[in-house]
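Reviewing the structure listed below.
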Number of protein chains: 2
Amino acid sequence: MNSNVAVSVPGGDVWLRRLSSVVSLSRAAQEAAAEIMSLGRPIPARDHIIRDGNRETSIKVLISGFACRYKFLPAGRRQITAFVLPGDLCDFGFVSSSPASQGVMALSPSIVGAVDVDRFASIVEEYPDLMAAVLRCAAIEQNATQELLLSLGGRNALQRVGHLLCELHFRMQSAGLLRDGQAFDLPVTQSELGEALGLSTVHVNRTVQTLRKLGLATWRDRVVSLPNPPGLAALSGFDPAYLKSEMA
Amino acid sequence: MNSNVAVSVPGGDVWLRRLSSVVSLSRAAQEAAAEIMSLGRPIPARDHIIRDGNRETSIKVLISGFACRYKFLPAGRRQITAFVLPGDLCDFGFVSSSPASQGVMALSPSIVGAVDVDRFASIVEEYPDLMAAVLRCAAIEQNATQELLLSLGGRNALQRVGHLLCELHFRMQSAGLLRDGQAFDLPVTQSELGEALGLSTVHVNRTVQTLRKLGLATWRDRVVSLPNPPGLAALSGFDPAYLKSEMA
DNA sequence: CGCTCGGTTGACTCGGGTCAAGGCCGGTGG
DNA sequence: CCACCGGCCTTGACCCGAGTCAACCGAGCG
């Protein structure tokens with residue numbers, strides 16, 4: 001199903017960049033981290049990266065592309081619980097040696113790097129800061145999930161979409177993936193946005209149009225640009241604090 | 001503000017029980033865990049246990065009572081992100097040495113045990129299983145948050161309330177806190193339930209009544225009983241798998 | 001060339017929010 | 001002992017944000 005070709009990683013530094021944004025790493029630790037994540041596997045859009053309930057033997061990092069974590073309701077509806085951007089870990093199950101509690105799927109053609117958990121464990125012995133970095137990433141993850149919970153619990157459609165766009169803008173910026181003019185790629189369907197935000201496709205569509213009319217966001221041909229970030233942040237109550245890690 | 005009286009802990013074993021339900025601990029590790037958590041501080045209802053943004057110097061465990069984690073929307077609405085039951089850790093910030101990203105408040109008069117993080121760190125050196133147990137608890141926490149996200153994203157009011165009651169029933173059972181006849185204490189107002197489920201107080205009220213009429217749940221005088229647990233689970237799509245840890 | 005997928009639009013419906021008022025305690029002070 | 005008051009629960013009337021259903025368009029593709 002998936003291609004098994006290993007490819008060298010052009011943008012492999014997103015992973016290092018991510019870790020460093022969260023904990024300051026020694027030169028040696030950086031090299032160790034970079035070395036273990038040097039190869040990636042291409043994944044076509046809509047393919048699973050991790051299957052729900054699977055006990056993964058490797059730690060997976062998105063190198064390029066776009067992915068999401070999700071769970072299914074018994075009714076059949078899919079709820080997206082998080083978007084995975086380049087540099088992000090796909091699943092944190094390994095931290096507690098638990099199987100994955102949710103699926104991870106590529107939303108656009110992606111490249112995924114992997115490290116064997118045992119190998120990682122032995123590297124971590126030598127560079128404990130790496131583990132600290134991973135735990136920080138997990139904490140930020142958790143914060144993001146809770147922020148989404150806030151959206152579903154207390155924000156209306158306009159604020160939800162606006163808030164998500166602000167978050168993605170911020171994270172893409174951190175990952176160094178903004179185009180010029182502050183725009184960024186959002187290779188996702190409106191229906192998928194709705195699955196994350198608890199909105200119907202139709203209503204996502206109308207909401208996006210309202211944002212455009214308000215001059216707060218444009219989303220065409222899979223590219224989002226935010227002409228007035230502070231305005232959008234104000235409308236949607238976005239405060240990036242929850243995405244930052246306090247360097248103690 | 002809070003009373004500073006330290007009290008001996010009658011039900012201090014909920015903590016041990018919780019850890020053991022998640023990882024099997026050696027006798028020595030059990031004793032170490034029990035010993036560090038031998039005293040608790042009483043907290044009146046509505047008092048803060050942890051303030052948002054605070055960098056906690058101790059690890060706090062709810063010994064008895066009932067508490068919640070929450071965040072505020074800019075608009076002023078409060079979103080409860082989790083309920084904390086006896087035996088549960090109040091906050092996991094210490095795992096990544098981050099400050100608390102959310103507040104924790106007692107919903108009924110409670111007793112909270114605490115261990116200094118440094119002390120805990122040194123105990124963990126000797127009994128790594130304890131850390132494993134804590135990480136498992138954190139993972140389950142995360143699962144619960146996501147399940148709440150599923151509720152807000154895709155379940156209607158009846159299912160949300162039903163699902164939450166199923167979850168609390170299950171967790172109270174695990175903690176050994178069921179009364180006879182499968183009933184359990186729920187010392188929470190309908191308004192607070194609404195703050196967790198993204199519903200107005202009024203609608204929570206009507207929903208609870210509907211559940212009673214359906215013969216699926218009764219909630220009177222702060223005591224919940226579920227005459228037909230499988231029926232309620234079916235209605236609300238409850239599957240306790242997400243609350244269990246797979247003993248590898 | 002026709003099919004499918006994603007985006008767009010309109011008409012209609014409804015679950016749940018809001019507002020407002022009343023009832024039932026338990027606590028407090030005169 | 002009683003009057004009062006503030007939480008919390010309850011109920012009714014009304015309204016609106018968002019879901020649903022259905023149709024259409026354009027683009028990519030086998």
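So you know, we letter chains A, B, ... as the sequences are listed, proteins then strands, and number each from 1. Everything quoted here is computed from the prediction, not taken from an experiment.
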What's the [atom1]-[atom2] distance between [X] and [N], to the nearest Å?
X	N	atom1	atom2	answer
B:H203	D:dC16	NE2	P	18 Å
B:L107	D:dG7	CG	C1'	15 Å
B:L193	D:dC8	CG	P	13 Å
A:E192	C:dG6	CD	P	8 Å
B:L186	D:dC9	CG	C1'	15 Å
B:W219	D:dC9	CH2	P	6 Å
A:L152	D:dG19	CG	C1'	15 Å
A:R206	C:dT9	CZ	P	9 Å

Mind checking [X] for me? I need base, sugar-phosphate or nothing, with any heavy atom below 4.0 Å counting as a touch.
X	result
A:S200	base
A:G198	sugar-phosphate
A:R160	nothing
B:R46	sugar-phosphate
A:R155	nothing

Sidechain N-carboxylate O distance under 4.0 Å for [X], [Y]:
X	Y	answer
B:R69	B:E141	yes
A:E147	B:K71	yes
B:R222	B:D185	no
B:D88	B:R18	yes

Out of C:dA20, C:dG7, C:dG16, which has the shortest distance to the side chain of B:V202?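 Closest nucleotide among those given: C:dA20.
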
From D:dA18, D:dG12, C:dG10, pick the nucleotide closest to the side chain of A:L199?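 Among D:dA18, D:dG12, C:dG10, the one nearest the side chain of A:L199 is D:dA18.
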
I want to check one thing: is the phosphate of [N], taken as OP1 and OP2, less than 4.0 Å away from some side-chain N or O of [X]?
X	N	value
B:N205	D:dC9	no
B:Q190	D:dG7	no
B:R222	D:dC9	yes
B:Q209	D:dT11	yes

Taking the inter-plane angle between the rings of B:F83 and B:F66 on a 0 to 90° scale, is it parallel (under 30°), tilted (30 to 60°) or perpendicular (over 60°)?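 Because their plane-to-plane angle lies in the 30° to 60° range, the rings of B:F83 and B:F66 count as tilted.
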
